[in-house]
Amino acid sequence: MTLTGRELAAATHGELVCDGPGGPIITDTRRLVQGSWFLALRGDRFDGHDFLAHAGAAGCAGIVAEQAPEGWSLGFVRVSDTLRALQDCASSVREGLEVPVVGITGSAGKTTTRAMVAEVLSGLGVVHQTQGNLNNHIGLPLTLLATPPDADVLVLEMGMSAPGEIALLQGIGRPTHRLITNVGVAHLEGTGSIEGVAACKQELFDGAAEGDTLLLNDDDPWVRAMPVPEGVRVLRYGSQHGVDVRLTHTQLDTARLHTLVQLDVAGQSVTARVPSPGRHLALDACAAAAVGWSLGVAPDDIAAGLSRYEPVGMRMRVEQRGAITVLNDAYNANPASMRAALETLASIEGRRRIALLGDMLELGSNEEEAHREAVALALSLGLEQVALAGPRMGRHATSQTLAAADSSELARLLRGTLQPGDVVLVKGSRGARMERALEALDT
């Protein structure tokens with residue numbers, strides 16, 4: 001999207017000091033192209049106002065800032081709060097869009113589901129979706145501001161760590177189709193309890209307007225129990241009878257490490273091969289199918305979309321390192337996703353199965369119990385080796401486990417111990433940087 005200085009001033013309720021031509025909004029001068037407007041965000045470790053002169057020298061059309069350098073002659077919209085200005089800009093852009101907008105949140109699986117939804121909806125035209133981890137109070141506005149003029153549908157991922165954050169994001173993005181994948185033990189430091197997590201996720205449903213579509217995971221008791229506003233359309237999905245889109249069968253292809261998914265979409269059987277292992281992925285696929293059906297995508301096209309899915313980043317991505325197969329699920333972890341990953345590893349037969357597990361973060365008072373249960377589960381599944389990295393996992397090490405202070409030390413301990421044909425799961429919270437343990441495979 002491109003905005004002129006006058007349009008930016010109107011969107012941000014700012015002062016138009018000097019108009020400028022239309023251009024995209026950029027918040028990082030490293031990505032600034034000639035003709036962009038530079039919006040000077042302030043952060044804990046940076047201040048965009050320190051880079052205003054650089055933006056001018058790089059050929060920006062103008063700036064949205066609290067003040068301008070002396071002698072500034074380019075476009076300038078003065079605002080009192082640049083973060084609020086960014087969000088107001090995005091909200092203004094959203095107001096001008098007349099396309100379906102899918103909003104997705106949840107304790108686990110939201111990125112995978114978002115990517116599946118985008119594939120399922122690709123037949124509707126140009127799909128604009130959240131990229132990377134741009135799912136917060138800065139990332140979601142930037143996603144909206146990057147909407148191409150020919151977009152036919154938007155898929156917005158919404159993350160949170162505290163109350164009020166989903167309410168803010170849904171207020172900016174105003175989804176027409178709202179999906180909560182699940183409610184689990186995650187971000188307890190900011191929410192206090194699983195009840196608090198549920199209340200935070202429910203903010204997505206609470207903000208629904210008349211005519212919006214809510215997609216409810218009927219398998220999740222927290223989501224199933226959420227009240228819905230009057231005047232909305234409700235579609236339910238899950239594995240039980242009576243839902244609108246039903247998961248009828250799941251099977252792991254242990255040879256190709258794919259997941260076979262069979263669905264009933266409005267009475268029509270749909271079979272898809274998801275190119276990633278994990279029975280938990282089947283419910284994400286079911287959610288994406290429900291979104292597709294709600295927007296008129298034919299069942300056969302839903303199946304084709306699901307089969308085109310590719311893992312996003314380090315989310316159960318199958319990697320071949322020589323003769324060793326890696327299940328790289330190192331992007332993040334909470335108790336639910338840890339259990340799903342371990343059960344996926346355990347379901348692979350005929351090969352040595354190695355679990356490299358790192359700390360799970362932001363669990364608050366549930367931290368000790370969650371790590372104890374994760375280690376106990378790993379040991380109960382009959383895996384050939386369980387290796388732990390980090391102080392939280394390490395507290396529950398036993399004579400049956402290998403333990404290290406961090407992922408780098410774990411890599412050193414593992415060197416020379418892995419064998420051709422092994423399947424290695426790598427799992428932990430982002431802060432654990434468990435991908436560093438894979439260095440053991442590169443020597």
Side-chain angles (χ1 to χ4, degrees), residues 102-114 117 130 133-137 139-140 156-173 175 177-208 214-229 234 236-238 280-281 283-284 286-287 290 315 329 331-343 358-374 377 392 427-432:
V102 181
I104 301 172
T105 191
S107 296
K110 55 183 175 290
T111 300
T112 294
T113 303
R114 182 255 298 167
V117 167
T130 301
N133 61 351
L134 296 179
N135 64 5
N136 63 7
H137 63 296
L140 183 136
L156 303 178
E157 182 180 327
M158 301 181 183
M160 51 73 58
S161 57
E165 293 178 351
I166 295 297
L168 171 68
L169 298 181
Q170 68 83 30
I172 297 170
H177 294 68
R178 298 164 179 251
L179 167 65
I180 301 173
T181 60
N182 48 53
V183 173
V185 178
H187 302 301
L188 293 190
E189 288 184 352
T191 61
S193 64
I194 193 168
E195 290 83 2
V197 175
C200 290
K201 300 302 182 185
Q202 187 179 318
E203 293 170 6
L204 181 60
F205 286 171
D206 289 343
L214 306 190
L215 299 118
L216 271 66
N217 177 2
D218 205 59
D219 283 11
D220 188 293
W222 294 98
V223 177
R224 188 172 61 242
M226 289 180 181
V228 298
V234 177
R236 296 182 181 273
Y237 69 91
H280 60 289
L281 298 178
L283 200 57
D284 295 337
C286 190
R315 293 176 175 86
D329 203 26
Y331 182 77
N332 217 336
N334 60 40
S337 67
M338 182 69 76
R339 172 175 288 275
L342 285 168
E343 289 177 346
D359 286 350
M360 298 179 286
L361 307 180
E362 298 183 43
L363 295 181
S365 61
N366 197 60
E367 177 180 284
E368 189 76 12
E369 179 183 2
H371 286 86
R372 181 188 307 110
E373 290 179 351
L377 174 63
R392 295 165 182 83
K427 181 72 173 172
S429 282
R430 186 80 301 270

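In this structure, Glu369 and Leu363 have side chains that are not in contact, with every pair of non-hydrogen atoms separated by 4.5 Å or more. Proximity of Lys201 to Trp222: side-chain heavy atoms (C-beta onward) are nowhere separated by under 4.5 Å. Between Asn332 and Ser337 there is no side-chain heavy-atom pair separated by less than 4.5 Å. Between Gln202 and Pro227 the shortest side-chain heavy-atom distance falls below 4.5 Å. Counting heavy atoms from C-beta on, the side chains of His371 and Asp359 come closer than 4.5 Å.
Residues satisfying the side-chain contact (heavy atoms from CB on, under 4.5 Å) criterion with Glu165, sequence neighbours excluded, are Met160, Ser161, Ala162. With sequence neighbours left out, the side-chain contact (heavy atoms from CB on, under 4.5 Å) criterion links Thr111 to Arg114, Glu157, Val312, Arg315.
Listed for the Gln170 side chain is a donor-acceptor partner under 3.5 Å among the backbone atoms of Ala167. No donor-acceptor distance shorter than 3.5 angstrom exists from the side chain of Arg430 to the backbone of Ala333, with no hydrogens or angles considered. For Glu203 (side chain) and Gly164 (main-chain N/O), a donor-acceptor pair under 3.5 Å exists by modelled atom type. Judged purely by atom type and a 3.5 angstrom limit, Arg224 uses its side chain to pair as donor or acceptor with the backbone of Asp218.
Within the model, atoms NE2 of His280 and OG1 of Thr181 stand 11.5 Å from one another, a figure rounded to the nearest 0.5 Å. A distance of 8.5 Å separates NZ of Lys110 from CG of Asn182, quoted to the nearest 0.5 Å. Atom CD1 of Ile104 and atom NE2 of His177 lie 11.5 Å apart (nearest 0.5 Å). For the atom pair CG of Leu140 and CG of Leu169, the computed distance is 5.5 Å after rounding to the nearest 0.5 Å. Taking CG of Asn366 as the start and OG of Ser193 as the end, the distance is 10.5 Å to the nearest 0.5 Å. Interatomic distance, Arg236 CZ to Asp219 CG, rounded to the nearest 0.5 Å: 11.5 Å.
Considering every non-hydrogen atom in both Asp220 and Val183, the closest pair reads OD2-N, 3.0 Å. Residues Tyr331 and Asn133 share a closest heavy-atom pair of OH-CB, 3.5 Å. Closest heavy-atom contact between Ala208 and Leu214: CB-CD2, 3.8 Å. The two residues Ala370 and Pro335 come nearest to each other via the heavy atoms CB-CG, 3.8 Å. Here the closest heavy-atom approach between residue Ala108 and residue Asn334 is recorded as CB-ND2, 4.1 Å. Considering all non-hydrogen atoms of both residues, Leu204 and Pro175 come closest at CD1-CG, 4.2 Å.
Taking a 6.0 Å sphere around CZ of Arg339, one finds it holds 12 or fewer heavy atoms contributed by other residues, nucleotides or ligands.
Each of Thr105, Ile180, Asp206 was scored for a side chain to side chain contact (heavy atoms under 4.5 Å, CB included) with Ile166, with one residue passing: Thr105.
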- Message: Between Leu179 and Tyr237, does the side chain to side chain contact (heavy atoms under 4.5 Å, CB included) criterion hold? Intermediate values first, please.
- Response: CA-CA 11 Å; Leu179 167 65; Tyr237 69 91; 3.4 Å; yes
